[in-house]
Amino acid sequence: MSEIEPSAQAQAHDADQSAFRYNAAMAQTIEDKWQRIWDEQGTFWAANVEGELTDGEGRHADGRRPFFAMDMFPYPSGKGLHVGHPLGYLASDVVSRYHRMKGENVLHAMGYDAFGLPAEQYAVKTGQHPRVTTEQNIANMRRQLHRMGLSFDDRRSFATIEPGYVRWTQWIFSRIFDAWYDPDKRNPSGSMGCARPIGELVEQFRSGERAIDGHEGRAWDDLSEAEQADVLNEYRLAYISKSPVNWCPGLGTVLANEEVTAEGRSERGNYPVFQRELRQWSMRITAYGHRLIEDLDTIDWPEKVKLMQRNWIGESHGASVHFQVRVGDGMEDMEIYTTRPDTLFGTTFCVVSPEHPLLLQVPERWPEGVPEQWTGGYATPIEAVAAYRMTAEAKTAADRVNDAGEKTGLFTGLYAVNPITGAELPVFTADYVLMDYGTGAIMAVPGGDQRDYDFAAKYGLPVVYTVEPLPGSDDTLANYEGNAPFVSHDGVVVNSSVDATWARGDALDINGMRVDEAIAAVTAWLEQAQVGRGTVSYRLRDWLFSRQRYWGEPFPIVYDDEGVPHLVPDSMLPINLPEVPDYSPKTFDPEDAQSNPEAPLSRNEDWVEVTLDLGDGPKRYHRETNTMPNWAGSCWYYMRYLDPHDTEHMVERDEYDYWMGPDHNPTAGESGGVDLYIGGVEHAVLHLLYSRFWHKILFDLGYVDSSEPFHKLFNQGMIQAWAYTDDRGEYVQADEVEEGAADAFGEPTFTWHGRHVNREFGKMGKSLKNIVTPDDMYDDYGADTFRLYEMSMGPLDESRPWNTRNVVGGMRFLQRLWRNAVDETTGEVTVSDEAPDDKTLKLLNNTIAEVTVEMEAMRPNTAIAKLIVLNNHLTGLERVPRAAIEPLILMVSPIAPHIAEELWSRLGHDRSLAHHPWPQADERYVGQDVVTAVVQIKGKVRAKLEVSPDIDPDELERMALEAVADRLGGVPPRKVIVKAPKIVSVVPGN
RNA sequence: GCCCCCAUGGCGAAAUCGGUAGACGCAUUCGACUUAAAAUCGAACGCUGCGGCGUGUGGGUUCGAGUCCCACUGGGGGCACCA
């Protein structure tokens, strides 16, 4: 191995006496050298069970314990990295290096999530093909990450845009399209509900085991192909529907619910989003709602993220109830959803959403004596409903949010019959009822619901209270009547009995019951009377899966002349993106709600129109021109690291079982999955929910044998930064700001080129002029110091401000470490082979024990503090013993690997320390000879005693009382608590 | 509005099970070395009237509270007409 010669720059900087000093220039030389050696020797290659992927020494896994540590892979934007980005990558690298030293077979790799909107927008802006700009960005990002010394197995890197990857993304889509969800079948983990191949559903239809929806009485084979396709579409896990979706004219695409902000605007670009009824692809994630909640209990994730997923899925238990609606001379069925079936006696009207199909059947005339406010002044219900639908559709989601609380709506001219009481209830349409939650229709109970109360107050509808406060509480119904609903579950049912129910003619009386009891009683009655049943609703919507974009995965779908979708056979995958004359999206005036989406892929007719043989001879088809959302690639990428070059499988079965199967690793739990997944909390309900969903489908279908993709999730904090504005509010260059004396209020003041500036706190960004890049760090300190600083800033999962001024502390630590082994003037190794003294042995072994605990718990900040203490001790010794500094170097190596490798090699080792066993503490030297025992009187420290750690409690009590005798003034203590050997707490007698 | 999380010196933080609050680092100050400076090494470093007081504020539980409980203040995050 080549000897490091100090660079000319380093020599000039440090003059003659410290030519071998560890400084920025030396660090860079060392880092280049070791990064090259690691690459050449395949130091970080992870070994597969079989195949071409062996470790650097040509070995397969051979039963070694696996550890799969993964980062949320980056989106290769053109902006490059700042020091805030790699915090998670550094954390996972430290963990990976530590686990390698524990002898585990560590899989750590990095891919690139390269489809998506920003890449496309950047390409449009620069006039280059997105593939060109994306690949440039990937190359740049790869260089920046490599320079940090991250221990990736680079053979396993890939980008989601590569045809070899797209092929399997499309293959997974095909499996999802070709599957349905059977709620009555157990899945492989034993709970109810399982995805099954669509062929098994067809078999049920064909055999008559299952009735064919909408075609009862007909044989499956008598249905036309288009009719069959329509039936199956209602079951497929990937399906086409015409339903209200988020249409964003400013971006020219539809968006998933998760991509729309609370303000009702697009998460990207912040454009208005409109509810439009459009024909789009969806994925039936709602079928998995319960399992996605339930299985959170099997994984080791931050409670915060689990809670966000539970809230997002929003499971609510209630009942659906069939109301009869008078239409003309007949009756139509209207199904409503309620969580409070106990309040059926208190419903005084019904509301359907503006998109509800019942509105197609409104009468031609208003009934007699309808108030003008109900009709909105329209001559007929048909006109009123049409007009209301128009205004509702034109509303952006943002308008809906702003109007929340302000109720609007119109009477439909229809009346529904309460199935229990037989009361005739006017049916309104109002946009506070949403078509895609529950059944899109509600029974309004103004006495028990704030929204219904508001609506009733505005339209002069009666209010009936059916629950009153518990007897014995201070509260009475009188406190509510005339001004508010009683919404609490804590109450007793009143006003709720009939002698003969309308639907069934039996008596029903729930008066006096508590709410929970009453819910159960009414639900049971509904089921017996066959007018309703207990149901579960989800806030979660099905996942809108198509986008009007060029830069995404094409669907493996073609349509025949009748518009029936067909899968493109697996053998024809991947379907690559065609060259089109213009790949930019067709965007519109952001406010133009009536515009229509147009997919860029439809611009290439040669690609769209295609002749294929799908098994029944060559026929003409046209391709699906929408593309998949950019979440598709990230839904399954973790599996591809295991087996990145496989052309036969998404992932080879044996490799999956070894790396991610639930039996492979005692720490991965019953769910199996990635051992450690590090990333930002911003993906809590997007990527992490979609990934779990896809994974569960693949699990149900038998392609993978762990029920969850990621066993342990860790969210790293955000690195924030100070920014400074001048008196005009313009940002000034943050690194040119100087701190001045505190002002009259003790607040610090800041100046920029002599002018006063204000400090604010937030993100790091170009526009805030406070960017610090990793390259700045390499130039001034080197990658090891940069790594050390980021790891020592504080707990990994908390956000904190970046402060370049503090980085020098890490540099000094590494310099002292270096100086403890190498003479700065001569470059000679100075360690001694003599045995360490007793004090050094104690400190060394205690440090090993403590640092091991910190590393296991992912607390590099406290590990570093303890390493510094040991190093500072060695600095004070006459000669530094080899037996002390070698374990120190090993413990430093996960955090500052380059300097550790260099010192290790200078100390005479000819192999990399990357796989050297982690130091073991010698138990004989762990613990203390003397401990300080504290004597407290009423919790205040009054004396300290140096005692043996295994002192007898009675002896300690005697010593303690003697030590504080003068404070007790001869009065015997009332109570003495002894926690030997650390605390004696005395309660004085007076 | 509902739900969740956080608050410790001048600064980043530590105290992991209720047991000496402030480890470690930055900044600052003093000293040694030096013609001088840098670097390095050593020391001091919560406040204080030297009695004490101190972990956002007020209460509580306990021999003992940064840690547990209640109420509040400030900051951050999630959801938001979900029947």
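Letters go in sequence order (proteins before strands), and every chain restarts at 1. Excluded from the calculations below are hydrogen atoms, water molecules and symmetry mates; all remaining heavy atoms, backbone and side chain alike, are included.
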- Separation of rA80(B) P from Glu406(A) CD (nearest whole Å): 21 Å
- Query: If you check every side-chain atom of Trp312(A), which of rG77(B), rG12(B), rA80(B) has the closest atom?
  - Reply: rA80(B)
- Item | Whole-Å gap separating P (rU40(B)) and OH (Tyr22(A)) | 14 Å
- Task: Between rC79(B), rC81(B), rG12(B), spot the one nearest the side chain of Pro801(A), thanks.
- Result: rG12(B)
- Item | Short side-chain N/O contact from Asn715(A) to OP1 or OP2 of rG77(B), under 4.0 Å | no
- In whole angstrom, give me the gap between the P atoms of rC11(B) and rC5(B). 26 Å
- Task: Tell me which nucleotide among rC24(B), rC81(B), rA27(B) gets nearest to the side chain of Arg805(A).
- Result: rA27(B)
- Item | Side chain of Arg819(A) - closest among rA14(B), rC41(B), rA83(B) | rC41(B)
- Query: For rG9(B), is chi within 90° of 0 (syn) or not (anti)?
  - Reply: syn
Donor-acceptor pairs under 3.5 Å, side chain of residues 335-344 of chain A to any protein atom, not counting sequence neighbours: which ones?
{"residue": "Glu335(A)", "atom": "OE2", "partner": "Ser320(A)", "partner atom": "OG", "Å": "3.1"}
{"residue": "Tyr337(A)", "atom": "OH", "partner": "Ser316(A)", "partner atom": "O", "Å": "3.0"}
{"residue": "Tyr337(A)", "atom": "OH", "partner": "Ser316(A)", "partner atom": "OG", "Å": "2.9"}
{"residue": "Tyr337(A)", "atom": "OH", "partner": "Gly318(A)", "partner atom": "N", "Å": "3.3"}
{"residue": "Thr338(A)", "atom": "OG1", "partner": "Arg340(A)", "partner atom": "N", "Å": "2.9"}
{"residue": "Arg340(A)", "atom": "NE", "partner": "Asp342(A)", "partner atom": "OD1", "Å": "3.0"}
{"residue": "Arg340(A)", "atom": "NH2", "partner": "Asp342(A)", "partner atom": "OD2", "Å": "3.1"}
{"residue": "Thr343(A)", "atom": "OG1", "partner": "Arg340(A)", "partner atom": "O", "Å": "2.7"}

- Could I get the full list of salt bridge (Lys or Arg N to Asp or Glu O under 4.0 Å) partners for Arg539(A), not counting sequence neighbours? none
- Message: Once salt bridge (Lys or Arg N to Asp or Glu O under 4.0 Å) is applied, do any residues pair with Asp449(A), and if so which ones, sequence neighbours excluded?
- Response: Arg451(A)
- P gap between rU55(B) and rC68(B), integer Å: 15 Å
- Between rU20(B) and rA65(B) - C1' atom distance, rounded Å: 14 Å
- Message: Apply the syn/anti split at 90° from 0 to rG51(B) and say which one it is.
- Response: syn
- Query: In chain order, what residues pass the salt bridge (Lys or Arg N to Asp or Glu O under 4.0 Å) check against Asp490(A), with sequence neighbours excluded?
  - Reply: Arg514(A)
- Would you tell me if any nitrogen or oxygen in the side chain of Arg539(A) comes within less than 4.0 Å of OP1 or OP2 on rA80(B)? yes
- Item | Rounded distance in Å - CG (Leu956(A)) to C1' (rG19(B)) | 13 Å
- Message: Just the rounded figure in Å: distance from P of rA83(B) to CG of Leu344(A).
- Response: 16 Å
- Query: Hey, does the side chain of Asn861(A) come within less than 4.0 Å of rA14(B)'s phosphate (OP1/OP2), counting only N and O?
  - Reply: yes
- How far does the P atom of rA15(B) sit from the matching atom of rU28(B), given to the nearest Å? 27 Å
- Message: Side-chain N or O of Arg812(A) versus OP1/OP2 of rG25(B): is the shortest distance under 4.0 Å?
- Response: no
- Task: Can you tell me which residue pairs pass the side chain to side chain donor-acceptor pair (under 3.5 Å) test with a partner in residues 976-988 of chain A, sequence neighbours excluded?
- Result: none
- Message: Assess, by modelled atom type and distance only, whether the side chains of Tyr453(A) and Asn483(A) contain a donor and an acceptor separated by less than 3.5 Å.
- Response: no
- More 5' along RNA chain B: Val808(A) or Lys304(A), using each one's nearest nucleotide? Val808(A)
- Message: Of the listed nucleotides (rC11(B), rA27(B), rG78(B)), which one gets closest to any side-chain atom of Met308(A)?
- Response: rG78(B)
- Task: Starting at atom NZ of Lys866(A), determine the distance to atom C1' of rG25(B), rounded to an integer number of angstrom.
- Result: 14 Å
- Message: Applying salt bridge (Lys or Arg N to Asp or Glu O under 4.0 Å), can you list everything that pairs with Asp542(A), at least two apart in sequence or on another chain?
- Response: none
- Message: My understanding is that only residues two or more places apart in sequence, or in another chain, count here; which of them pass side chain to side chain donor-acceptor pair (under 3.5 Å) with Ser353(A)?
- Response: Glu355(A)
- Message: Does anything in residues 935-948 of chain A form a salt bridge (charged side-chain N to carboxylate O under 4.0 Å, His left out)? List the pairs, not counting sequence neighbours.
- Response: none
- When Watson-Crick pairs (N1 to N3 and N6-O4 or O6-N4) and G-U wobble pairs (N1-O2 and O6-N3) count only below 3.5 Å on both distances, what is the dot-bracket string of RNA chain B, with | for other-strand pairs? (((((((..(((......[....))).(((((.......))))).((....))..(((((..]....))))))))))))....
- Message: Does Ser537(A) reach a base, just sugar-phosphate, or nothing at all? Heavy atoms under 4.0 Å.
- Response: nothing
- Note on the structure: Taking rA83(B), rC24(B), rG19(B) as options, the one with an atom nearest any side-chain atom of Ile983(A) is rG19(B)
- Ring-face cation contact, Phe455(A) with Lys407(A), 6.0 Å cut, 45° max: no
- Task: Return the value, rounded to whole Å, for the distance between atom CD of Glu682(A) and atom P of rG76(B).
- Result: 18 Å
- Got a donor-acceptor contact below 3.5 angstrom from the Trp722(A) side chain to the Trp802(A) backbone? no
- Among rA15(B), rA13(B), rA83(B), which is the nearest nucleotide to the side chain of Tyr437(A)? rA83(B)
- Distance below 4.0 Å between Thr862(A) side-chain N/O and rA23(B) OP1 or OP2: no
- Message: Could you tell me if the side chain of Asp431(A) sits less than 4.5 Å from the side chain of Tyr388(A), heavy atoms only?
- Response: yes
Which atom pairs, one a donor and one an acceptor, fall under 3.5 Å between side chains of residues 301-308 of chain A and the rest of the protein, sequence neighbours left out?
{"residue": "Trp301(A)", "atom": "NE1", "partner": "Phe710(A)", "partner atom": "O", "Å": "2.9"}
{"residue": "Lys306(A)", "atom": "NZ", "partner": "Leu296(A)", "partner atom": "O", "Å": "2.9"}
{"residue": "Lys306(A)", "atom": "NZ", "partner": "Ile299(A)", "partner atom": "O", "Å": "2.9"}

- Minimum-distance nucleotide (side-chain atoms of Thr339(A) versus rC41(B), rU20(B), rA83(B)): rA83(B)
- Identify, between Ala933(A) and Val685(A), the residue whose nearest nucleotide on RNA chain B lies closer to the 5' end. Ala933(A)
- Item | Syn or anti conformation of rC69(B), syn meaning chi within 90° of 0 | anti
- Is a donor-acceptor pair below 3.5 Å formed from side chain Lys407(A) to base rC81(B), judging by atom type as modelled? yes
- Message: Using the P atom as the point on both nucleotides, what is the distance between rC24(B) and rA37(B), in whole Å?
- Response: 29 Å
- Task: Counting heavy atoms from C-beta on, name the nucleotide in rG12(B), rA21(B), rA80(B) closest to the side chain of Arg800(A).
- Result: rG12(B)
- Pull out every residue in residues 442-450 of chain A that has a heavy atom closer than 4.0 Å to any atom of RNA chain B, ordered by number, or say none. Ile442(A)
- Measure from the ring center of Tyr437(A) to the ring center of Tyr538(A) and say whether it is less than 6.0 Å. no
- Query: Judged by modelled atom types alone, do Glu850(A) and Asn846(A) share a side-chain donor-acceptor pair under 3.5 Å?
  - Reply: no
- Can you check each nucleotide of nucleotides 54-69 of chain B against protein heavy atoms at under 4.0 Å and return B for base, S for sugar-phosphate only, - for none, in 5' to 3' order? ---------BS-----
- Task: Compare side-chain N and O positions of Arg21(A) against OP1 and OP2 of rU40(B) and report whether any pair is under 4.0 Å apart.
- Result: no
